[in-house]
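Below: the structure, in structure tokens.
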Amino acid sequence: MKAVALKPCDDTLDMLIEAKAKPTHPLRVITPKESPMASIKSHIWTYSTFAAALHAIAYELPNRVTVRQLLTFAMIVEQVSLGHNVTIADIREKAGSDTSGDDLLGQSIGRSYQLFLKPTKKEPDALGWAYVEENEDDRRQKFLRLTPEGEAMAIKIAKLLKEKP
């Protein structure tokens, strides 16, 4: 049998270079007093539950959904869960203004709530979490209601916000 000389492979060479390049001094660990985030540490549970809820929502939503659209859904859920008849005008008024004095939900309020209605040719990515119901006493007034899917998502979000990480 003929002896074969083994050449070091590139992976072995890379590992040797990395080992030589590692610092020999211990890494400096930031103590809680030096950390700029030390004051937030006491709120970790809040941010963990907030992140879990956002993650669940993000999983269900199309990529193009904005924070303001999520706010619209949350405000619809809040008013419906209180037993109120809620209209688009109510949501716009309740949302108020942003820091520049403009309507927080702005001109996009129509697109904000339409995302949560049933899918149509115009809005094929709509989620079907809400529907519009005409006021029997005043046909000009339209109430927003939750579908069973919308209620299920609202309950899922509420549970996530109550859970401990």
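What you see is a predicted model; the values in this text were computed from it and never measured.
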Given D138, which partner from the list K142, R140, Q141 fulfils the side-chain hydrogen bond (donor to acceptor under 3.5 Å, both in side chains) test? R140

Any side-chain heavy atom of K118 sitting closer than 4.5 Å to one from L127? no

Quick check for you: to the nearest 0.5 Å, what is the distance between E149 atom CD and T147 atom OG1? 4.0 Å

Any chance CZ of F50 has more than 12 other-residue heavy atoms, nucleotides or ligands included, within less than 6.0 Å? no

Tell me which one of V132, V80, T87 satisfies side chain to side chain contact (heavy atoms under 4.5 Å, CB included) with F143. T87

Counting only N and O atoms by type, is there a donor-acceptor contact under 3.5 Å from the side chain of Q79 to the main-chain atoms of I76? no

Beyond-backbone contact of M75 with T72, side-chain heavy atoms, under 4.5 angstrom: no

Is a side-chain donor or acceptor of D103 paired with a backbone partner of L105 at a separation under 3.5 angstrom? no

Would you find a donor on one side and an acceptor on the other, under 3.5 Å apart, between the side chain of N135 and the backbone of R139? no

Compare every heavy atom of A126 with every heavy atom of P119, then report the nearest pair and how far apart it is. CG-O, 3.3 Å

So, do I88 and E93 sit near enough that their side-chain heavy atoms are less than 4.5 Å apart? no

Identify the two heavy atoms, one from Q69 and one from F116, that lie closest to each other, and give their separation to 0.1 Å. O-CE1, 3.2 Å

From Y113 OH over to L144 CG, what is the distance, rounded to the nearest 0.5 angstrom? 6.5 Å

Nearest non-hydrogen partners of A154 and V77, listed with the distance: CB-CG1, 3.7 Å

Report yes if some heavy atom in the side chain of I91 is under 4.5 Å from a heavy atom in the side chain of K94; otherwise report no. no

Output for pair (E123 CD, D125 CG), nearest 0.5 Å, gives 7.5 Å

Heavy-atom nearest pair, E133 first then R145, reads OE2-NH2, 3.1 Å

Sub-4.5 Å side-chain heavy-atom contact between F73 and I157: yes

What is the distance from atom OG of S81 to atom CD of E151, rounded to the nearest 0.5 Å? 10.0 Å

Drop me the distance from L104's CG to L71's CG, to the nearest 0.5 angstrom. 6.0 Å

Check the pair D90 / N85 against side-chain contact (heavy atoms from CB on, under 4.5 Å), numbers first and verdict last. CA-CA 9 Å; D90 297 334; N85 289 324; over 6 Å; no

